Amino acid sequence: MHASRRTTTTKTVRETEAEAVAFVVGKAIGLEMASSSADYIALYHGNASLLAESLEVVQQTAGVILAALENPFEQKAQEESTTEPARESRRTRRHRPQSADAEASESLAEVA
């Protein structure tokens, strides 16, 4: 899938989608993204229209990454809950990713 997409899209599309995914994942794990993603997308001549067309790809890709990140945090939270049932660790609370679809939609609105 990735190889065929690479040959059927432009560098602008690929760079815009990659940066949008990085933005969504970064925001989901609590990184301060400021305007760096918007600046990078503009550097490659990406725009809100292109982001809207790429939303499905961005959501799916970010979802895969966030799901992979979520499992270690959930496991850690479960381990801690057996020793500290009334408290949630600061790390788990701070880094708990939201639903990838909801996060992607909210975050891409900021970039656009």
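Predicted model only: the values in this text are computed from it and were never measured. Below, all heavy atoms of this structure are taken into account, side chains as well, without hydrogens, waters or symmetry copies.
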| message | Can you tell me how far apart CG (Leu51) and CG (Leu55) are? Round to the nearest 0.5 Å. | response | 8.5 Å
| Listed once per pair and sorted, the salt bridge (Lys or Arg N to Asp or Glu O under 4.0 Å) pairs that draw on residues 44-58, sequence neighbours left out | none
| note | In this structure, NZ of Lys11 is separated from CZ of Arg6 (nearest 0.5 Å) by 7.5 Å
| task | Compare every heavy atom of Gly26 with every heavy atom of Met33, then report the nearest pair and how far apart it is. | result | SD-CA, 4.0 Å
| query | Roughly how far, to the nearest 0.5 Å, is CG of Leu50 from NE2 of His45? | reply | 12.0 Å
| query | Taking only residues two or more places apart in sequence or in another chain, which ones pass side chain to side chain contact (heavy atoms under 4.5 Å, CB included) with Glu17? | reply | Arg5, Val13, Ser54, Val57, Val58
| message | Would a single hydrophobic cluster contain both Phe23 and Leu69, if residues Ile, Leu, Val, Met, Phe, Trp and Tyr are joined by side-chain heavy-atom contacts under 4.5 Å? | response | yes
| remark: Sorted by chain and number, sequence neighbours left out, side-chain hydrogen bond (donor to acceptor under 3.5 Å, both in side chains) with Ser35 holds for Asp39
| message | What's the separation between atom CD1 in Ile41 and atom OG1 in Thr12, rounded to the nearest 0.5 Å? | response | 11.0 Å
| remark: Rounded to the nearest 0.5 angstrom, the CD1-CG distance for Ile29 and Leu66 is 8.0 Å
| Are Tyr40 and Leu31 linked, directly or through other ILVMFWY residues, by side chains that come within less than 4.5 angstrom of each other? | no
